[in-house]
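First the structure, in the form of C-alpha cells, and then the observations on it.
One is the number of the first residue; the rest follow in order along the sequence. Values reported hereafter were calculated over all heavy atoms of this structure, with side chains retained and with hydrogens, waters and symmetry mates removed.
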Amino acid sequence: MRDLSYNEGLTGTLPPSIGNFKKLTNLILVGCRFTGIIPDTIGSLQYLRTLSLNSNSFSGPIPPSIGNLSNLYWLDLADNKLRGSIPVSTRTTPGLDMLVHTKHFHFGKNQLYGEIPSKLFSSGMTLLHVLFEENQLSGDIPSTIGLVQSLEVLRLDKNGFSGSVPPELNSLINVSELFLSNNRLTGRLPNITGMNSLYYVDMSNNTFDVSDFPIQFTTLKSLTTIVMENTGLQGQVPPALFSIPQLQTVILRNNYLNGTIDIGSSSSNQLQLVDLQNNNITAPVLRTGEADIILVGNPYCAGGEADKYCIQSQSNSSSYSTETINCVPALCKSDQTSSPNCVCAHPYQGHLYFRAPSFSNLEDSSIYTSLQSSLMAFFKARAIPVDSLFLKNPTKNLDNYLSIRLEVFPSGKDRFNRTGISTLGFVFSNQTFKPNKTFGPYYFIADNYGLFASDLTKKTSKSSSTGIAIGAAAGGSVVMLLLLLAGFYAFRQKRRAARATQQSNAFASWDANTSSNGGPQLKGARCFSYEDLRKCTNNFSEVNAIGSGGYGKVYRGTLPSGMLVAIKRAEQGSMQGGNEFNTEIELLSRVHHRNVVSLIGFCFDQGEQMLVYEYIANGTLKESLSGKSGIRLDWNRRLRITLGAAKVADFGLSKPMANRSRGHVTTQVKGTMGYLDPEYYMTQKLTEKSDVYSFGVVMLELITARRPIENGKYIVREVKLAMDKTKDMYNLQGILDPAFELITSLKGLGKFVDLAMSCVDENGDQRPAMSEVVKEIEYIMSLAGFDPKADPASSSLGYEGSSKGQEHPYSDKSLFIFSGRQNNQPPKVQPK
C-alpha cells in the first residue's frame with residue numbers, strides 16, 4: 001500500500017520499475033505534479049485494488065494493460081492530460097472491458113478522443129460510476145451502457161457525442177445522476193420513464209428535435225433537478241411538473257416555451273429556482289411558495305416594468321459555514337484559526353469536490369450538517385484525534401462539481417502531528433470515508449500543512465528525514481517499495497521543505513520599490529496584510545462579492561484612503577507556491593499598457609494569496625458577446641455586437657482607454673492568461689496587436705459550441721484542429737454554436753472565422769490591425785446582407801468619443817488607408 005497524495009513536490013515521471021512491486025494493493029498519488037505517460041508495467045500489479053492517479057499532469061494514452069488488474073475496485077485517472085482512445089481487449093492485448101469487478105471508471109477532464117467502444121460495457125460488469133465528462137469523445141453513445149444494471153452515476157457531458165440517445169439507457173433503473181449536456185446529440189428527446197431512481201438530469205445544449213415539454217418527467221418522483229437548456233422545447237410547461245415532491249431546481253433557458261407558468265398550491269415545498277430565461281412567455285405567472293422565477297429575455301419582460309420575475313437572481317454558491325458550538329470565537333494568533341469550539345489551533349484544510357451530487361439547492365443547511373455529522377462520527381469510530389470541523393462556502397464550479405471547503409481541528413492540542421496528518425489524508429485519498437449517496441463520487445485536494453516545513457529544516461539526521469517520508473503513508477506492504485519510494489519521497493520532501501520555508505519568508509518584509517529582501521521586484525506596488533484587506537471588504541462579505549472564476553472570488557473594497565479596489569482572493573484549491581506567486585506578481589506589475597488595469601498590490605499573509613487591482617465598474621465584452629446575451633442571438637446581432645466591441649480593447653487584463661468609466665476588472669485570472677498574447681510571455685509588452693489576439697479568441701468563442709471555457713487557448717486549438725481536417729468552413733458544424741441551425745444561410749461565416757484566425761496568429765506582426773478588423777467585419781456584414789452603418793454603434797465612424805474630439809483608440813491612419821477599399825472589394829486580411 002502506498003499513499004503519497006497531496007505532495008506538489010512530487011514531480012517527474014512514474015518509473016516503469018513500479019511494475020516490479022508485485023504485491024502492491026493500493027497506489028494513490030492524488031494531487032501531485034507527475035507528468036509523462038503512465039507506464040504500461042502498471043498492469044503487472046495483480047493485487048492492486050485502488051489506482052488513483054487523478055489531479056496530476058499525466059499525458060499519453062490509458063495503458064491497455066490496466067485491463068489485467070482483475071482485482072481492481074477503484075480506477076481514477078481524472079483531471080490529467082491523457083489523450084487517445086479508450087482501450088478494449090483484442091486477441092493479443094488486454095483492455096478496460098476486462099475489469100468486470102471494478103466499481104469506478106473516473107476518466108473526466110482529460111483529452112480522450114474517438115468513440116467509446118461498444119465492447120467496453122457488458123452485462124457482467126458491476127460498475128457504479130462511469131465518468132467521462134469534459135473530454136473530446138465523439139460518435140454515438142454505445143447502447144451497451146444499458147447492460148450495466150448496477151450503474152448509479154453516468155456523466156458523458158462536455159464531449160462531442162452525436163446521433164440519438166440509445167433507448168437502452170432507459171433500462172438503467174439505478175442511475176440517480178444523468179449528465180448528457182453540451183454534446184451534439186440529435187433526434188427525439190430520450191425516453192427516461194424507466195429511470196425511477198433519477199435525481200438529477202441535465203441534457204442541455206444539444207440539437208434534439210423541437211418537441212413539447214416531455215410529460216414523462218412528471219412521473220419521476222425522485223427528481224430534484226431538471227436542466228434542459230437549449231433543447232428545442234416548445235409549448236407550455238405542465239403544472240404537474242412542479243408537484244414532484246423533492247423538486248428543487250428547474251432550468252429551461254433558451255427554448256421556445258410559451259403560455260402561463262402555473263406553479264400551484266401543490267408545488268414542491270423544496271422548489272427554489274425556476275429559470276425560464278429567453279423563451280416566448282407572455283402570460284403572467286400563477287404561483288405559490290417562495291421559489292425564484294426568472295423570466296428575463298421573455299416577451300413578458302419586454303415592457304420594461306420593474307417586475308420581480310424580470311431580475312437575474314441565480315447563484316451557484318452558498319454562504320453556509322458551520323456555526324460555533326455555543327461559544328464566542330477566540331482571538332487567535334495570525335497563523336491560527338478559531339475552531340467551532342472556539343479554541344485556537346492549526347486546522348488541516350482542503351477542498352472536497354463532489355462530481356455528481358444529487359441535489360442542486362445549495363442553501364439547504366441540513367445537507368451540510370448531515371455531512372459534518374457523518375464525518376465526525378467516522379473520526380470518532382476510528383479514534384482519529386479530531387476535535388471539530390468547519391464546512392464552508394459550498395459552490396458549484398464550471399465542471400458542475402460541488403466544492404466545499406473543509407477545515408479539521410486537532411483534539412487536545414493546537415496542531416496535528418505527522419501521523420495525524422497522514423491518517424487524515426489517507427481517509428480521503430483512499431475513499432475510506434464514504435459520504436451519503438446524496439453526494440455521489442468525490443475526491444479531496446488538501447492544502448500543504450506547511451507548519452511542518454520549519455520543523456523539517458531543523459532536522460539534521462538522515463533517519464529523521466526518512467521517518468517523515470514514511471510517516472506520510474497510512475501503512476506499508478512491500479519493504480522494497482517502501483525503501484524506494486520513501487527515499488525518493490524524502491529527497492522530494494527536503495526540497496519541498498526548503499521551498500515552503502522560502503515561501504513563508506519570501507514576503508515577510510521587503511521594500512516594494514527596492515526589493516532589498518528578495519521579494520517581487522515591483523515599482524509602486526503595496527504589500528497588504530490579510531487584516532488590511534479583511535477590513536476594507538467588511539470581512540469579505542457576500543455583499544461586496546463582484547465576481548468569481550477559476551482563481552477564486554473577487555471583492556470590491558475601499559482602502560483607508562477612500563480608493564476603490566478589486567481584490568482577487570484565491571481559493572485554496574487554486575493557490576500557487578510562493579515562488580510562482582512571486583513570479584506572477586512581478587509579471588503583472590510589469591504590465592504597463594494604456595488599456596490595462598493597474599495592479600495596486602498583493603497579500604501573502606495567513607495562508608492567503610490575493611491580488612489588488614484598481615476598481616473599474618461594469619461588465620466585460622465577453623459577457624456582452626456570450627454570457628449576458630445568451631446563445632440565441634441571430635447572426636446579424638452577433639456581427640453588430642462584435643463590430644461595436646472592436647472599437648474598444650476589453651480583453652484579458654485590458655480596459656478601454658478613451659472612456660475609463662466603461663472598463664472592467666476581469667474575474668478570471670486563470671482564464672485571463674488564456675486570452676493574453678503568446679508573445680507577451682516573452683516580451684512582457686502589451687501592444688495593440690495583443691488586444692487583436694484577445695479579440696480573435698473572443699470572436700472564436702462567440703461562434704463555437706465549446707462554451708463556457710476556462711482557457712482561451714483551448715478554443716483556438718479546437719478551431720485549428722477542425723480547419724486542418726477540412727478546407728470548407730461550412731463543414732465545421734461540429735465546433736459551431738448549435739444556435740446556428742441553418743449553417744449555409746450564414747453568409748460571411750467562413751470569412752468571419754478566417755478573420756478570427758488571423759487575429760490569433762502566434763506572430764504579432766502577422767496579425768491585422770484593429771482598424772483592419774473593423775473594416776473586415778463591416779465587409780462581412782455587407783456580404784451577409786446587413787447594413788453596418790445602420791446602427792451608429794456598429795460603424796467605425798460612430799465611435800462615441802469622436803463628438804468630443806477624442807481620437808479613436810486604434811486610429812492608425814496609415815493602416816486605415818491600407819485597409820480601405822471601394823465598391824465592396826474583398827479586404828487584404830488573409831487567414832494564416
If you count heavy atoms of other groups shown closer than 6.0 angstrom to OH of Tyr47, is the number above 12?
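No - once you tally the heavy atoms of other residues, nucleotides and ligands closer than 6.0 Å, there are 12 at most.
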So, are Lys109 and Glu134 salt-bridged, with charged N and O less than 4.0 Å apart?
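No, this pair does not count.
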Ion pair present between Arg405 and Asp447, side-chain N to carboxylate O less than 4.0 angstrom?
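Yes, charged N to carboxylate O under 4.0 Å.
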Looking at residues at least two apart in the chain, or sitting in another chain, which of them share a salt bridge (Lys or Arg N to Asp or Glu O under 4.0 Å) with Asp76?
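In terms of salt bridge (Lys or Arg N to Asp or Glu O under 4.0 Å), with neighbours along the sequence ignored, Asp76 is linked to Arg355.
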How far apart are the closest heavy atoms of [X] and [Y], and which atoms are they?
| X | Y | value |
| --- | --- | --- |
| Leu45 | Phe21 | CD2-O, 3.1 Å |
| Asn56 | Leu29 | ND2-O, 2.7 Å |
| Asn68 | Met98 | OD1-CE, 4.0 Å |

Side-chain touch [X]/[Y], heavy atoms, less than 4.5 angstrom:
| X | Y | value |
| --- | --- | --- |
| Thr438 | Leu371 | no |
| Leu77 | Ile62 | yes |
| His106 | Trp74 | yes |

List in chain and number order the residues that pass side chain to side chain contact (heavy atoms under 4.5 Å, CB included) with Pro410, two or more places apart in sequence or in another chain; answer none if no residue qualifies.
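In terms of side chain to side chain contact (heavy atoms under 4.5 Å, CB included), with neighbours along the sequence ignored, Pro410 is linked to Ala345, Lys413, Phe416.
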Between Tyr73 and Gln431, is any side-chain donor less than 3.5 angstrom from a side-chain acceptor?
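Side chains of Tyr73 and Gln431: no pair found under 3.5 Å.
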Without hydrogens or angle criteria, can the side chains of Ser89 and Asp97 be said to hold a donor-acceptor pair below 3.5 Å?
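Yes, Asp97 and Ser89 have a side-chain donor paired with an acceptor closer than 3.5 Å.
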Candidate pair Tyr6 and Tyr449, rule ring-ring contact (aromatic ring centres under 6.0 Å, His included), full reasoning:
CA-CA 10 Å; Tyr6 320 129; Tyr449 202 65; over 10 Å; no
